[in-house]
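Presented below is the structure to which this report refers.
Please read these numbers as outputs of a predicted model, since none were measured by experiment. By convention here, the first residue in the shown sequence is residue 1. Atoms within a ligand are numbered from 1 in the order they appear, just like the ligands themselves.
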Amino acid sequence: MTLSKQKHVEIWQRCLDYIQKSVPSKSFDTWFRPIVPIELTGKTLVIQVPSHFFYEWLEAHYLLLLKTSISQELGEGASLEYDIVVDNYAEKKQTMHYAPQVQVVAENTTYTTLGANQSPGKQVLNPYMLPGTKKEPIKSNLNPNYGFENYVEGDCNRLARSAGYAVAKNPGKTAFNPLLIYGGVGLGKTHLAQAIGIETKKHFPDKNVLFVSSEQFLSQYMQACKKDEKGQNKLNNFIHYYQMIDMLIVDDIQTWEQKTGIQQAFFQIFNFLHQNGKQIILTSDKAPIMMQGIEERLLSRFKWGLSADLQAPNMDTKISILQQKIRHDGIVIPKEVIEQLAFHVSSNIRELEGALISIIAQSSLNKKPITVELARQMIDRFVKNASKEVSIEYIIRVVCEYFKISIELIGSKTRKREVVQARHVVMHFAKKYTKHSLAQIGEKCGGRDHATVLHALRTVDNIQETDKEFRKHLENIEKNFLGLL
Ligand code: ADP
Ligand code: MG
């Protein structure tokens, strides 16, 4: 080992001693302990930092401190050079040079750094703007269509919405930290979380807002866990990257159930952000206590803030949402159609929108006006088939199971009594539970025509009135069939 190699360690240690007295111990552990002194050449000390963001953070928060400490050790003309190990988030691996007070040469370009005393007339460049690199501002992943102005307020979302609004006006400073938004699929979690991010950016354009899906977060984490040829991983980079964020929004955290690795990494990030007054927003389709396999210590952190749930919207809210959508798209739709939709589509807002979109599409494809009749057809197709799966095939299966005959017989030419009876029963229930026309029902039952189906329906009605046993069969089948829905 050469003398200078030992010296750089000593010098850096003395700098650390000085720095340690001036910063809180948590910050010291986070930002100074991971730094590795590399070498000393003349009055230039090279230190290794784990990531580009780490470097930026040091520059932004500890410039003066670093400058003072290094100057104390090495005197006038001292300089500090950063070596950034590997950087996932910057464009390429490179060495970053930084010199307090003095001019440095990097990749054949002469410039002075920010924070240095610049002599007039010299070219001044931001030190991050090295040739071949540009400072990448954090991409927020916010979709402008998901603003608060498009988020209709209703009883179902009032608390969550106003908490979100408060957070956007005052990120990290309200009691709602973390803000946990939970609710069933399609009830507006993602939209609300996005709206908060967008609103925050309006009030605080300089804040780093990041919206990330739990899957993206997970895959970045997995990437960071991989070991490179030197047997090192980039976990620190990953964590430091996230620690730079002022508002971190993670969508659908229920996907982390049972995944301890990601939870640990998130725990670290969470603590750091929270301690530093940064805002955290999480969404989940389960209430926190219902999440299986989420570590207790993480769950208890969630309790620090506010859990606000989204409920299914009531009729009025559904109507307002639909009206809002059509106004937004500049379409005119009769009021009755809106009401039909709101009345029949109950499960969630995404389906409500889906039904609306298919009505609009149908009407423009077939050049039909949007009428209540068209709406009914679409609702039947959309709601019945999608959510309840009532199909003629399904009815055939249940009926055949009941009468213990094989399914193919329904469509066959057989006129055996028990087959004919089963066929009639299928037609009866198909009429009752599907919106198919008589012709369509006939088609599914072996290409029979509309008159045959009509005849079958009448026969079933007649027998039902007179034959108690037959009536019992129908009731049993109906029970089986509804019970399975
Ligand atoms: P989740 O994330 O809970 O599954 P989303 O946020 O994706 O649900 O919402 C589903 C759809 O419903 C989106 O297109 C969204 O814009 C819309 N939506 C949800 N809530 C509202 C609301 N209150 N006002 C207007 N549109 C809404
Ligand atoms: Mg969502």
Taking the inter-plane angle between the rings of Phe266 and Phe217 on a 0 to 90° scale, is it parallel (under 30°), tilted (30 to 60°) or perpendicular (over 60°)?
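Because their plane-to-plane angle is over 60°, the rings of Phe266 and Phe217 count as perpendicular.
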Heavy-atom count check: over 12 atoms from other residues, nucleotides or ligands less than 6.0 Å from [X] [atom1]?
X	atom1	value
Met315	CE	yes
Lys431	NZ	no
Lys278	NZ	yes
Lys286	NZ	yes

Residue, atom name and distance, where the atom is the protein heavy atom closest to [atom]:
atom	answer
atom 13 (C) of ligand 1	Glu353 OE2, 3.7 Å
atom 2 (O) of ligand 1	Thr190 OG1, 2.7 Å
atom 21 (C) of ligand 1	Tyr151 CE1, 3.7 Å
atom 18 (N) of ligand 1	Ile349 CG2, 3.4 Å
atom 24 (N) of ligand 1	Val152 N, 2.8 Å
atom 26 (N) of ligand 1	Lys325 NZ, 3.2 Å

What atoms in ligand 1 come closer than 4.0 Å to a heavy atom of [X]?
X	result
Asn157	23 (N)
Asn150	24 (N), 25 (C), 26 (N)
Lys189	1 (P), 2 (O), 3 (O), 4 (O), 6 (O), 8 (O)

Would you compute the distance between atom OG1 of Thr200 and atom CD1 of Ile249 and round it to the nearest 0.5 angstrom?
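Rounded to the nearest 0.5 Å, the OG1-CD1 separation comes out at 6.5 Å.
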To which of Arg350, Gln324, His191, Glu351 does the heavy atom nearest atom 7 (O) of ligand 1 belong?
Arg350
Among the heavy atoms of [X], does any lie under 4.0 Å from an atom of ligand 1?
X	value
Gly184	yes
Gly183	no
Arg161	no

Return yes if some donor-acceptor pair links the side-chain N/O of Gln254 with the main-chain N/O of Asp285 below 3.5 Å, else return no.
yes
Report yes or no: does Thr283 have an N/O/S atom closer than 2.8 Å to the Mg ion (ligand 2)?
no
Could you walk me through whether Tyr242 and Phe238 pass ring pair (Phe, Tyr, Trp, His ring centres under 6.0 Å), step by step?
CA-CA 7 Å; Tyr242 276 94; Phe238 171 80; 5.2 Å; yes
Looking only at N/O atoms, are [X] and ligand 1 under 3.5 Å apart anywhere?
X	result
Gly188	yes
Gly186	yes
Val185	no

How does Glu153 reach ligand 1, by side chain, by backbone, by both or by neither, if only non-hydrogen atoms under 4.0 Å count?
neither
Heavy-atom distances under 4.0 Å are what count here, so tell me which part of Leu187 touches ligand 1: side chain, backbone, both or neither.
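It is the backbone that gets close, since no side chain atom is under 4.0 Å.
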Passes salt bridge (charged side-chain N to carboxylate O under 4.0 Å, His left out), Glu339 versus Lys335? Steps please.
CA-CA 6 Å; Glu339 284 167 2; Lys335 196 163 150 273; 3.4 Å; yes
Carboxylate-amine/guanidinium proximity below 4.0 Å for Glu393 and Lys444
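Between Lys444 and Glu393 there is a salt bridge, with a charged N closer than 4.0 Å to a carboxylate O.
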What verdict does the side chain to side chain contact (heavy atoms under 4.5 Å, CB included) test give for Gln279 and Lys207, after you've listed the backbone C-alpha separation in whole Å, the side-chain angles of each residue and the deciding distance to 0.1 Å?
CA-CA 11 Å; Gln279 180 70 43; Lys207 281 208 190 290; over 6 Å; no
Does a donor on one side chain sit under 3.5 Å from an acceptor on the other, for His240 and Gln243?
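A donor-acceptor contact under 3.5 Å links the two side chains.
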